[in-house]
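Contents: one structure, followed by commentary.
No experiment lies behind these values; they were computed from the predicted model shown.
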There are 2 protein chains.
Amino acid sequence: MELDERKKKILESIIRDYVATAEPVGSRAIARKEEIHLSAATIRNEMSDLEQMGYLEQPHTSAGRIPSQMGLRYFVDCMMTQETLTEQEMTSLRNSLLQQINNWNDVVQEVVQFLSRMTNYVSFIILPALRFEQIRNIQLVPLQEGLALLVIVTDMGVVLHQKIPVASSITPEELQAIAQTFSRVLRGRGLNSLHRSQLEILKEQMLKEKRLLDSLLETIDHLMNNSREEKIMINGLMNIINEPEFKNLEQLRSILSLLEEQENLKRLVPDSMGSEVGIRIGKENKETDSQQFSLVFSGLRFSEQIGKIGLVGPIRMEYWKAAGTLDSVRAVLEDILDEMNR
Amino acid sequence: MELDERKKKILESIIRDYVATAEPVGSRAIARKEEIHLSAATIRNEMSDLEQMGYLEQPHTSAGRIPSQMGLRYFVDCMMTQETLTEQEMTSLRNSLLQQINNWNDVVQEVVQFLSRMTNYVSFIILPALRFEQIRNIQLVPLQEGLALLVIVTDMGVVLHQKIPVASSITPEELQAIAQTFSRVLRGRGLNSLHRSQLEILKEQMLKEKRLLDSLLETIDHLMNNSREEKIMINGLMNIINEPEFKNLEQLRSILSLLEEQENLKRLVPDSMGSEVGIRIGKENKETDSQQFSLVFSGLRFSEQIGKIGLVGPIRMEYWKAAGTLDSVRAVLEDILDEMNR
DNA sequence: TGTTAGCACTCAATAATCAAGAGTGCTAAC
DNA sequence: GTTAGCACTCTTGATTATTGAGTGCTAACA
């Protein structure tokens, strides 16, 4: 269903006005705008048409019109151009991220902060479980009488560690020897591919410390399997308090507790998407709880991994700004993460 | 200023009633209670006295009374007994913490969750920067062409790591040798205590890799100095939405944004306290922003370190429960943390 | 045929008024 | 010292006007 130019212009005006004020917008408000030189009466006719077609709706008879979700969808699909960040803003962000390029956590933290600060919406990022199938190095560092630290470095450069008890009779040199044997046997593979013959080698090396073998194998296995959690960060939750649509405490609580729980967020965002920005407007979200807000999201690809990054805001959202900002930030972040994983 | 038994009883009744309902409580409501067998009129007289003395106040002429902050303070100081957790609850918590004793983060996370779930207030924990003055072991693990991972284990068993670039000509064996030399020279000390003569040893070892020396020293220094951040966790922020005193959006926003910022929290909690639970009621907090709520807190001592743990709630707080629960949880957590740090 | 001014009508939001109810303080009796 | 009784106060909630923004329709105009 195509709209003629004039209707488009009016629809856009209404949307921009409504997004800015959160109030139904009347014909006179539109007539006052410079870019439109029509009388209020004419606009009323057009608005009536647009309502008929489903792009606008009226909260009640004597109020102005607000864009329907279908109207917003039309706008987003057919009329909107994203407002990306300026070159300047992007390099500024990039520089500020480069400052803490050695700390993965800080980079991501800063990105979500940046996103929610720029847009005043709730920002989130979901990073995939880091993949590390293979062991690169194993160390056993004596800490004190009867206690050592097991340190594993994986092929992705991830460091796992855990304290484990050892017999107090064991010497640092023995520990080192054991770790070296483990390293040698396990390098380039995971525990699963450990063969009986290799186990024999380990056993032999550890004649004196039978119990330590079990404990080590168990700990290594545990670390390799349980450390690959997804990482989720949310920022700017408080931003939604300012949105007038959530002045209703009941709603506010429902949405805050929805977003507070990271599991919910994971369910909210569709997966399997490319780098284009996706938009879910209100009812387009699957679960009823999430149908009171909109979601702007994008895939995040870096060194063969896929994460998600996005924004949550009211249905009356500045989609052009949200989508543009998100896309710019995604690009910068992907670069940086690639850089970090070399 | 001592109160006679009857006044105390009435004051307590009013406080408990007010804390439960958030409504001013009238003389008849008190008269109805079983434990008090006095007529409403008598109670009115007593209440009038208590108001005169400053323990109660009246929102307006024909409303009931509410306890003043001075009244709450008196109650907390002179009348209240803490409601600690039951033995059962404590062992249940302890067991659940022991399950994840290998992950420091998870333990703390679970504790704040437990606290806010039990009390319905906002819980927080501030852990001190981990002290690690001394290096115990240094590793250089080759990751790929031109890139290695530097891993440092400190005396507290903390593991620091960072990727660093190396010449692609360098062999794994050389890397290991370099790391061993570093380990040997630096073991048991920090970078600060590195002497010129020791630097010479390192230089010699690294004839082939002059640039690596600088890069390594710099990275080690950086890691040792910048990794000792305080750790703050907050949980149950959403709990305060339910408190009727914060139904006013303006206040809600002010308090949420105060607590959202971890720096603010750090400033809020007084330091240098022992293990007894401290209580700050409303205006007793220093900064005006924080005078609209109460704070229940305690020091957290484990293996020679000092952290803080506490709860934030409305002035109309169940201090007896908050203080008791906090104290029990603190005790359990201290045990566990001691255990973890052996 | 498309545009616009004019006007009656609608309906939410705000203000104003009123009644009900909870609570107090005071007085007089027990 | 305690209590019943009563007049008085003040919030709360409901009800009713009032206001004003906005529409839809009609008729006139270009």
Nearest whole Å is fine: how far is D:dT2 P from B:Leu38 CG? 7 Å
How close or far is atom C1' of D:dT23 from atom CD1 of A:Ile10, stated in whole angstroms? 15 Å
Any protein N or O atoms within reach of nucleotides 19-22 of chain D? Criterion: under 3.5 Å, listing atom names and distances.
| residue | atom | partner | partner atom | Å |
| --- | --- | --- | --- | --- |
| D:dG22 | O4' | A:Ser62 | O | 3.3 |
| D:dG22 | O3' | A:Ala63 | O | 3.4 |

Integer-rounded Å distance: C:dT1 C1' and A:Asn45 CG: 13 Å
Begin from the C-alpha positions of A:Lys9 and A:Glu12 and carry the test salt bridge (charged side-chain N to carboxylate O under 4.0 Å, His left out) through to its verdict. CA-CA 5 Å; A:Lys9 218 163 185 173; A:Glu12 171 160 7; over 6 Å; no
Is there a side-chain contact between A:Thr42 and the phosphate of C:dT4, meaning an N or O under 4.0 Å from OP1 or OP2? yes
Can you check the A:Arg6 CZ to C:dG2 P distance for me, whole Å? 9 Å
Considering Watson-Crick and G-U wobble pairs with both distances under 3.5 Å, what does D:dC10 pair with? C:dG21
With nearest nucleotides of DNA chain D determined for A:Ala41 and B:Ala41 from heavy-atom distances, which residue corresponds to the more 5′ nucleotide? B:Ala41
Considering only heavy atoms from C-beta outward, does the side chain of B:Lys7 approach that of B:Asp49 to under 4.5 Å? yes
Look through every strand shown and name the nucleotide pairing with D:dT26 as Watson-Crick or G-U wobble, where both distances are under 3.5 Å. C:dA5
Please tell me if the side chains of B:Pro244 and B:Arg316 come closer than 4.5 Å, counting only heavy atoms from C-beta onward. yes
Identify the two heavy atoms, one from A:Met80 and one from A:Trp320, that lie closest to each other, and give their separation to 0.1 Å. SD-N, 3.3 Å
Whole angstrom value for the distance that separates P of C:dG23 from CD1 of B:Ile43: 12 Å
So do the side chains of B:Arg73 and B:Glu284 get within less than 4.5 Å of each other, counting heavy atoms only? yes
Any chance the side chains of B:Ser39 and B:Thr42 put a donor and an acceptor closer than 3.5 Å? yes
Within the 3.5 Å criterion, strictly below it, is a donor on B:Glu89 or B:Thr86 matched to an acceptor on the partner's side chain? yes
Expressed as a whole number of angstroms, how long is the span from A:Asp49:CG to D:dC25:P? 12 Å
What is the distance, rounded to the nearest whole Å, between atom CG of B:Leu56 and atom P of C:dT24? 10 Å
In this structure, how many angstroms lie between the C1' atom of D:dG1 and the CD atom of B:Glu46, rounded? 10 Å
